[in-house]
Chemist: 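Right, I'll just put the structure down here and ask away after.
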Amino acid sequence: MSGFGKGCHLHLIDGSAFIFRAFHALPPLTRKSDGLPVGAVQGFCNMLHKYVADNAGPDAPTHAAVIFDKGSHTFRNDLYDEYKANREAMPEDLRPQIPLTRKATEAFNIACKELEGYEADDIIATLACQARDAGGRVTIISSDKDLMQLVGDGVEMLDAMKNRRIDREGVIEKFGVGPERVVDVQALAGDSVDNVPGAPGIGIKTAALLINEFGDLESLLDRAEEIKQPKRRQTLIDMRDQIELSKRLVQLDCDTPIDFGLDDLEVRDPDPEVLMPFLAEMEFRSLSKRIAEHLGVEAPIIADAPPPPSDAPDAPSFEAADYACVRDAEALEAWIAQIRERGWVAVDTETTGLNEMVADLVGISLCVEAGTACYIPLTHKAGATDDLFGEEGLAEGQMPLEEALALLKPVLEDPAVLKIGQNMKYDAKIFARYGVDVAPIDDTMLLSYALHGGLHGHGMDTLSERYLAHSPIPIKPLLGSGKSAITFDRVPIDDAVPYAAEDADITLRLWQTFKPLLHQSRVTTVYETLERPLVPVLAQMERNGIKVDRDTLSRMSNAFAQKMAGLEAEIHELAGETFNVGSPKQLGEILFDKMGIEGGKRGKTGAYATGVDVLEDLATEHDLPARVLDWRQVSKLKSTYTDALQTHINPETGRVHTSYSIAGASTGRLASTDPNLQNIPVRTEEGRRIREAFVAEPGNLLVSLDYSQIELRILAHIAGIPALKAAFAEGQDIHAMTASEMFDVPMEEMTPDVRRKAKAINFGVIYGISGFGLARNLRIPRAEAQGFIDRYFERFPGIRAYMDETKAFAKEHGYVQTLFGRRIHTPEINAKGPRASFAYRAAINAPIQGTAADVIRRAMVRMPAAIEGLPAKMLLQVHDELLFEVAEDAVEDVIARAREVMEGAADPAVHLDVKLTVDAGQGANWAEAH
DNA sequence: GACATCACG
DNA sequence: GACGTACGTGATGTCC
């Protein structure tokens, strides 16, 4: 290459951002041999490898460098000694890893640059300017807003996390001005993270407004007298020096005295002779294997590896794996022998659909060690050979389903053979329909949930990509999509084998990866008491289903349809034209443009907001929004409940079978899908009637047991609030007690309104209270809401301490914990900006909501044994409620036993200072039982 | 497929 | 002092 110039493309990676991201995104990891923390280094290497691997295309960079900060004192500190003064100290675990990330960059043979006394941003600015002036392109890999001033003229940014490019338009979207005026806006708005003062009372929005009006900062300051708002005018006049200082702080230096040139940054291939030893030194086993594979060299042998649960010393790559197709009893028996020899097997089923209540078994995959897997096709259809009667034969070369199941059943039910699956509830339910009761089990999805809850999803694709660096064969090309989609039994066996067997292979490798980590992360008990044992319990509940009366729903649907039609006519009449009432966009235009109602607020997409709270405010003055609210309620009830629910009634059982996701919610709660039976209406009279359609079989009753105020009780325990504990012990009305404390109203004189306020505050505390949130909820001025909160903290001082401690814990560890040891990761807690506030509130809430979720999980796990022998079935869980179907004469027995289990569910693992109490109800339908 | 809305705890 | 805010979910309809 003859020097940097036109046609060249320079990539500049913000090294510090990479390190911090790697550090916070990953669980702590130490080097086995000496305990040196290396998690961030590993994450950093992962990102570099991904970066290198992703940049092979025609748009590949010709030049690249990773830029680091160096030294804590920069010229900005000379300008302003408070610059970055409120930044928190670097975490202890991260400090020793910083020099290692530099070594890593060099090991990857990527230029690694820094300059004493200068921030990485200034070096990036200098290089970007040089490259631009030479006529080349530049991509800055960072999402730091301070770098946005450099965008334009061939310079772009790339947010590697979101894989989003930020160009001139992106900058305007963020700052309201073009890149050349970004520093002016920043000078006015300041930056709390870097402690740039700016002008008090002016944020980005206002700053952009002013700059756009006056052209640039200098003109604005010179002509500050012309500003109409008196306060703003005075601020700009008084604060001129501070604003000008701020500008010098945010302005990047394009002239740093670097001692190298663009030509030194030419992209070079990594040298395996250097890279491999470095990875070996770090003891990155799987990463070095992966990179060795990518470079086509031998992976280094890293001594002192922890013994994997597999006896396979070197797992073959997925590409090299050769999967078997099992077509007869003899071959299957050979596999079964291998399984018995080892004592475990990864299992995966292929079926005709996602609904386990309906789907039929098509084939089974087994894997006994990494790379050694098979697929047993069972009911694949022959190709396009259907005859006139639509009868289709089975494809050739499959063993009879019954024969295969007869051979496998003893193994699948053998207590000495562990069956490993990814989302085993699905497979267990399928097998159950064929008379096979799979046990014991391990579930890689649940292992990941216990280990990484809150960090990422736990689907197989995610886990495989993250932990095995392998993208599973996608199912789409096999099945097609849309109308022409086929079911798995129509996939040719030859195509099915690699796909299906690979799933079992991946599952086994994930198990080998995760299982040893359980102990290290101290979540073995969580997995073994709260996750794994729930699988058979939920499988049984889902198979039980709940009887839903179609006629009741159908009648309600008709009534709703009539009511909607009437309301719609009224609404059109009021609007003076017909429009789609269900379209928030059209409704907004009618209300705020056509009718000219004041106070329409536009959301981020530019459409008017027309949510309930907006319409409720308008409804006091206008009829139309009031009618729309009515229409919406009816429309919701009809479409989501009376209509959709009917389609979920299983024709064979006459019941509705929901599916619970165990690893969906980050806090440990379950989530119900297809249909969601955890959000059946109850708060309004009209909605509650939907529950009349959920009925018991003749001779039975529905029995509902729910925890009373479980989250507040847990809060009282965790935060140690004597007043709350005492109130619960005495069985007082907790919201009334709170109100009495806070507003100095004796309990006898309590009014509903005062109690309502206290209730909102109690909930607010659980949610990580803020003045703004409470103000909005209660529709009171923010200052008043803040006053309530201050008073609450004064009266219940333990709350404040709990919040502070929880926040500190999250910041230090990257996760928070429930009383039972469940970890909920909060990777964003150390982010900057509003994301951190989100993470903060979620971190406050997670231990409370999560502990409540753990409690009911424990109750559910114990429930089958507790009601054994009684004519009762557990049907549904709704977070703090369990619903049973019970023969009439056994109702009292079941209530007594279930209540005992639920009230004692925390014991013996945790002794709560506050007792848990359970309310019970019964009736012919769910409305009566609740 | 994103977004707005609304049902639940 | 200003960001943009209540926590956790799933399903539906509109609109591009």
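Nothing here was measured: the structure is a model prediction, and the numbers come from that model. Labels below follow one simple rule: chain letters A, B, ... track the order of the sequence lines, proteins then strands, and each chain is numbered from 1.
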Chemist: Output yes when a side-chain donor or acceptor of A:Y449 lies under 3.5 Å from a complementary backbone atom of A:G457, and no otherwise.
Modeler: no
Chemist: Heavy atom of residues 675-684 of chain A under 4.0 Å from DNA chain B: which residues?
Modeler: A:Q678, A:N679, A:I680, A:P681, A:V682, A:R683
Chemist: Taking A:T647 for its side chain and A:A644 for its backbone only, find out whether a donor-acceptor pair lies under 3.5 Å.
Modeler: yes
Chemist: Does A:K832, at its NZ atom, have more than 12 non-hydrogen atoms belonging to other residues, nucleotides or ligands within less than 6.0 Å?
Modeler: yes
Chemist: Using the C1' atoms only, state how far C:dG4 lies from B:dC8, rounded to an integer number of Å.
Modeler: 25 Å
Chemist: Have a look at A:Q586 and say if it touches a base, only the backbone sugar-phosphate, or nothing, with a 4.0 Å heavy-atom cut-off.
Modeler: sugar-phosphate
Chemist: Indicate, with a heavy-atom threshold strictly under 4.0 Å, whether A:I769 touches base, sugar-phosphate, or nothing.
Modeler: base
Chemist: Report the residue (A:Q849 or A:G203) whose heavy-atom-nearest nucleotide on DNA chain C is the more 5′ of the two.
Modeler: A:G203
Chemist: I want to confirm an ordering. Mapping A:T206 and A:R776 to their closest nucleotides on DNA chain C, which one lands closer to the 5' end?
Modeler: A:T206
Chemist: Whether the side chain of A:R823 engages the backbone of A:Q817 through a donor-acceptor N/O pair (distance < 3.5 Å, no angle test) should be reported.
Modeler: no
Chemist: Would you say A:T806's side chain and A:Y802's backbone share a donor-acceptor pair under 3.5 angstrom?
Modeler: yes
Chemist: Counting distance only, does the side-chain N/O of A:T673 pair as donor-acceptor with the main-chain N or O of A:N676 below 3.5 Å?
Modeler: no
Chemist: Can you measure A:I690 atom CD1 to B:dC6 atom P for me and round it to whole angstrom units?
Modeler: 16 Å
Chemist: With a non-hydrogen cut-off below 4.0 angstrom, is A:G768 in contact with a base, only sugar-phosphate, or nothing?
Modeler: nothing
Chemist: Check for a donor-acceptor pair, side chain of A:K174 on one end and backbone N or O of A:K145 on the other, with a separation under 3.5 Å.
Modeler: no
Chemist: Counting Watson-Crick and G-U wobble pairs whose two distances are both under 3.5 Å, find the runs of 3 or more in a row that involve DNA chain C.
Modeler: B:1-9 with C:7-15
Chemist: Would you say the side-chain atoms of A:R691 pair up with the backbone N or O of A:I680, donor to acceptor, closer than 3.5 Å?
Modeler: yes
Chemist: Select base, sugar-phosphate, or nothing to describe what A:A853 touches, counting heavy atoms under 4.0 Å on all strands.
Modeler: nothing
Chemist: A:R632 side chain N/O closer than 4.0 Å to the phosphate oxygens (OP1, OP2) of B:dC6?
Modeler: yes
Chemist: Would you check if A:M863 and A:L882 make a side-chain contact, meaning some heavy-atom pair closer than 4.5 Å?
Modeler: yes
Chemist: Quick check: A:F788 with A:Y792 (ring centres under 6.0 Å apart)?
Modeler: no
Chemist: Reckon A:G582 touches a base, only the sugar-phosphate, or nothing at all at heavy-atom distances under 4.0 Å?
Modeler: sugar-phosphate
Chemist: Taking heavy atoms of chain A and a 4.0 Å limit, find me the 5'-most and 3'-most nucleotide of DNA chain C within that range.
Modeler: C:dG1 to C:dC16
Chemist: Determine the interatomic distance between P on C:dT5 and the same-named atom on B:dA4; round to the nearest Å.
Modeler: 11 Å
Chemist: Can you find a side-chain donor-acceptor pair between A:S557 and A:T642 that sits under 3.5 Å?
Modeler: yes
Chemist: Grab the CZ-C1' distance between A:R691 and B:dG9 for me, whole Å please.
Modeler: 10 Å
Chemist: Under 4.0 Å, counting only non-hydrogen atoms across every strand here, what does A:S672 touch: a base, just sugar-phosphate, or nothing?
Modeler: sugar-phosphate
Chemist: Specify the separation, in whole Å, of atom OH of A:Y767 and atom P of B:dG9.
Modeler: 10 Å
Chemist: Describe the nucleic acid contact of A:A644 in one word from base, sugar-phosphate, nothing, applying a heavy-atom distance below 4.0 Å.
Modeler: sugar-phosphate
Chemist: How close or far is atom C1' of B:dC6 from atom CD of A:E686, stated in whole angstroms?
Modeler: 15 Å
Chemist: Please round to the nearest 0.5 Å and tell me the distance separating atom NE2 of A:H572 and atom CG of A:N580.
Modeler: 7.5 Å
